[in-house]
Amino acid sequence: MGHSEKSDWLKSQQKSQKKYRFIVATIGIIVLLSVLGGVGYVYMNKNKGKINGDNNIDISNKPNDGKKSGDPTANGETYFTWDKKPVDLTITPNPSLKKVFYGINYGPVNATFPWCTNTLGDVIEDVKLISQLTNRIRLYGMDCHMSDWTLEAIKLLKLDMTIVPTIWVDNNDTTYQRQHDTLIDMVKKYGVDNIDGVSVGNEVLFRKEVTPEKLFGRLADVRQEINSMGFKKKVPVFTSDLGSNVDAAYVAANDIMWANVHPYFGGVPVEQASQWTFEFFDENDVKPAKAVGKDAIISEVGWPTAGASEGAAVASIPNLQIFLNTFICDANKLKYKYYYFETFDTPWKERTWTKLEGSWGIFYDDRSLKPGITLPDCLAG
Ligand SMILES: *[C@@H]1O[C@H](CO)[C@@H](O)[C@H](O)[C@H]1NC(C)=O
Ligand SMILES: *[C@@H]1O[C@H](CO)[C@@H](O)[C@H](O)[C@H]1NC(C)=O
């Protein structure tokens, strides 16, 4: 791409920066609430999905079927979805699905406050589907078994997949401590072979909920803790924030630069969104990371199918198709690392906020591919 084109992109980004930040903040808050959804769970379901003090996560959360809970791999127990459908542990390939995504963001259904009515059975069904799209999953929190059940599903399905779990960070130290402890328990139980890295917080700096010093101190603590547990593999630790929030202190504190980059909130027409994303990411994130020999990854990028337009950015299924055809194939060809936002629609966000917030899925929440969507023919690297 030519140099003048590049400065046009940046100019248009700067113009929309304020709006962009505001709306990205809104998404951050929604994610915050979704992850805080785990808060009540540990207390509500003391006898079902208990996280106890001896580093032993009891992952059973099946409907009350009278069966004894325990190691689910031991005796071929049956799992059920939230609507009581039994879950089969074999994967029947869906011909419409292709492994075209480097990675994908996944928010399990019903893992929301104060209900936390999610089930391991649903996570298994989700992972069966996601395994046909990518090998890499990014998750937003540790509450509601969001992350350990994803690892459990990968194990039960015998898949070669990895996750990036997030310790959710807000201004509540109790929340941090609980999520931190759950992460450490999970790592003790499952090891780190299926963990590509650990994220401490998402958009925390943007929301200004803790100071950069406090957040970066936590990154250092978690890095030290996990990497002194005796695993051969070194686990990178980082936070994720707006792509525009990367400065020298940020670069120094993170093993990898993870950046949320949303062309939709930049008000960019879909035909230009792919190119805009690379320009924005290169300038704000790749450049400072490369300067010190570090890697950069797009932690969120996507396109919604319904809800309010944002300048020249219009939400629709045909536009999602254009975005997939352009961004996914360009990114794969150019070897960018990215986690697509997101797998499923999230109707609960729609009920609480707007249509737009709930409409970023490639699939509806019933796991059906949105009508008319064809995954492009460009396999991920
Ligand atoms: C679980 O999620 C589904 C799909 O969004 C929803 O229809 C259902 O009411 C939820 N169940 C509970 C118990 O929250
Ligand atoms: C922090 O979260 C805990 C539950 O995790 C809650 O009991 C407490 O009231 C919260 N503190 C503040 C200051 O909101």
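Order of appearance sets the numbers: ligands from 1, and atoms from 1 within every ligand.
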Proximity of Phe281 and Trp258 rings by center, below 6.0 Å: no
Is Lys234 atom NZ crowded by more than 12 heavy atoms from other residues, nucleotides or ligands, each under 6.0 Å away?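 Yes, NZ of Lys234 has more than 12 neighbouring heavy atoms, counting only those of other groups under 6.0 Å.
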Kindly state each residue pair satisfying salt bridge (Lys or Arg N to Asp or Glu O under 4.0 Å) with at least one member in residues 311-321, sequence neighbours excluded. none
Asp160: what forms a side chain to side chain contact (heavy atoms under 4.5 Å, CB included) with it, not counting sequence neighbours?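 Side chain to side chain contact (heavy atoms under 4.5 Å, CB included) check on Asp160 returns nothing, list empty.
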Number the atoms of ligand 2 from 1 as they appear, then name those within less than 4.0 Å of a heavy atom of Arg178, with their elements.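 What qualifies from ligand 2 is 5 (O).
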Numbering as shown, the atoms of ligand 2 that approach Asn172 to under 4.0 Å (heavy-atom distance):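 With Asn172 as reference, the close atoms of ligand 2 come out as 1 (C), 2 (O), 3 (C), 8 (C), 10 (C), 11 (N), 12 (C), 14 (O).
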Nitrogen or oxygen of Thr174 less than 3.5 angstrom from that of ligand 2: no
Less than 3.5 Å apart, which donor and acceptor atoms pair up between the side chains of residues 368-379 and the rest of the protein, not counting sequence neighbours?
unit_1	atom_1	unit_2	atom_2	d
Ser368	OG	Asp366	OD1	2.7
Lys370	NZ	Thr305	OG1	2.7
Lys370	NZ	Asp345	OD1	2.8
Lys370	NZ	Asp345	OD2	3.3
Lys370	NZ	Gly361	O	2.8
Asp377	OD1	Lys98	NZ	3.3

Which word best sums up how the rings of Tyr264 and Trp360 line up, parallel for under 30°, tilted for 30 to 60°, or perpendicular for over 60°?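 Tyr264 and Trp360: perpendicular rings.
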Decide, yes or no, whether a salt bridge links Arg178 with Asp173 under the criterion of side-chain N to carboxylate O below 4.0 Å. no
Would you tabulate the polar-atom pairs, meaning N/O of ligand 1 against N/O of the protein, with distances under 3.5 Å, reported to 0.1 Å?
unit_1	atom_1	unit_2	atom_2	d
ligand 1	2 (O)	Asn110	OD1	2.9
ligand 1	2 (O)	Asn110	ND2	2.4
ligand 1	5 (O)	Asp365	OD2	2.8
ligand 1	11 (N)	Asn110	ND2	3.2
ligand 1	14 (O)	Asn110	ND2	3.2
ligand 1	14 (O)	Thr117	OG1	3.0

